[in-house]
Amino acid sequence: MLDHLGDAAGAAPALLGCRLVRTGDGPRRVGVIVETEAYPPDDPACHAYGGRTARNAAMFGPAGSAYVYRIHRSTCLNVVTGPAGSGQAVLIRAIEPLEGLDVMRAARELATVGNAIPDGTALTNGPGKLCQALDVGLEHDGVPLIRRRAPRSASASPSAGVLYLMPALDRPDVACSPRIGISRARDAPLRFFVPGNPYVSGRPRRAS
DNA sequence: ATGTCGATTCCCT
DNA sequence: GGGAATCGACATA
């Protein structure tokens, strides 16, 4: 549920099944969250670990706001959790697309010039991929993702899409594993996913 | 001014 | 399962 954003480790599994919506510019794009990772404040792998900087400032905002950052050529979307100032968030790692598949595909193709046309689960089965599919960018850093009502059309710019979260319709099964791609705190079981869902991204390293 | 380092993705073996 | 691509943020001088 969206009212359980009190801490990253609790919010990460609770966000599974919630829907991520982009609207306001063209056809609605909707996906169900099927994979997340928690980054608690005391975690060495958390971007907020070591203090506030220009890049991670949004992570110290109120729970329910977005923290967006770039890595290499990719953009990643997080949901801020906990008391404002605590510096914690949940990374959205994968969604299963529900609406606006054609627009998502077009956005992916546009963003990956010269690469293969994204088909099947490659459309949204990774944190950078889903941001491409929904056109999530740095302009969303710090914006509120939780809204009482459907967002009004008038945000800052009429042509800019609005990004927000909707509660889960049904509670999905939840599985847990170590997180992917990090070098510190590699064993912490803070990755959550819907077991068997084809849009869940690559498995974490096997246990040695 | 310069060096390091990724919460990634894609391509290859 | 490994490595390159590639670039901005950050730390150090």
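Per chain, numbering begins at 1; letters A, B, ... match sequence-line order.
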message = Would the distance check show the side chain of A:N56 and the main-chain N or O of A:G51 forming a donor-acceptor pair, the cut-off being under 3.5 Å?
response =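 Between the backbone of A:G51 and the side chain of A:N56 there is a qualifying donor-acceptor contact (under 3.5 Å).
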ask   = With no hydrogens and no angle check, is any side-chain donor or acceptor of A:R179 less than 3.5 Å from a backbone partner on A:R186?
value =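 Not a single qualifying donor-acceptor pair exists.
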Separation of [N] [atom2] from [X] [atom1] (nearest whole Å):
X      : N      : atom1 : atom2 : result
A:R191 : B:dA7  : CZ    : P     : 16 Å
A:Y49  : C:dA9  : OH    : P     : 24 Å
A:M59  : C:dA9  : CE    : C1'   : 15 Å
A:K129 : B:dC11 : NZ    : C1'   : 12 Å
A:L91  : B:dG6  : CG    : C1'   : 13 Å
A:L123 : B:dT9  : CG    : P     : 13 Å

message = If you go through the side-chain atoms of A:Y69, does one of them form a donor-acceptor pair with the base of B:dA7 closer than 3.5 Å?
response =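 A donor-acceptor contact between them is present.
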ask   = Any donor-acceptor pair under 3.5 Å joining the side chain of A:H72 to the base of B:dT9?
value =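 There is none.
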ask   = Under 4.0 Å between a Lys/Arg side-chain N and an Asp/Glu carboxylate O for A:R29 and A:D135?
value =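 Yes.
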ask   = Is there a Watson-Crick or G-U wobble partner for B:dG3 with both distances under 3.5 Å, and which nucleotide is it?
value =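 Across any shown strand, B:dG3 pairs with C:dC10.
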ask   = Across the strands shown, which category fits A:R108 at heavy-atom distances under 4.0 angstrom: base, sugar-phosphate, nothing?
value =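 Sugar-phosphate, no base atom in range.
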task = Could you pick out which residue, A:R70 or A:A122, lies toward the 5' side of DNA chain B when each is mapped onto its nearest nucleotide?
result =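 Checking each residue's closest nucleotide, the 5'-ward one belongs to A:R70.
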query = A:S183 side chain: which of C:dC10, B:dT8, B:dG6 is closest?
reply =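 The nucleotide sitting nearest to the side chain is B:dG6.
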inquiry  = For the aromatic rings, using the six-membered ring if either is Trp, is the centroid distance between A:Y39 and A:H47 under 6.0 Å?
reply    =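 No.
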task = Kindly say if A:R93 contacts the phosphate of B:dT8, meaning a side-chain N or O under 4.0 Å from OP1 or OP2.
result =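 For A:R93, the contact criterion (side-chain N or O under 4.0 Å from OP1 or OP2 of B:dT8) is met.
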ask   = If you pin A:R73 and A:L138 to their nearest nucleotides in DNA chain C, which one's is more 5'?
value =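 Its nucleotide being nearer the 5' end, the pick is A:R73.
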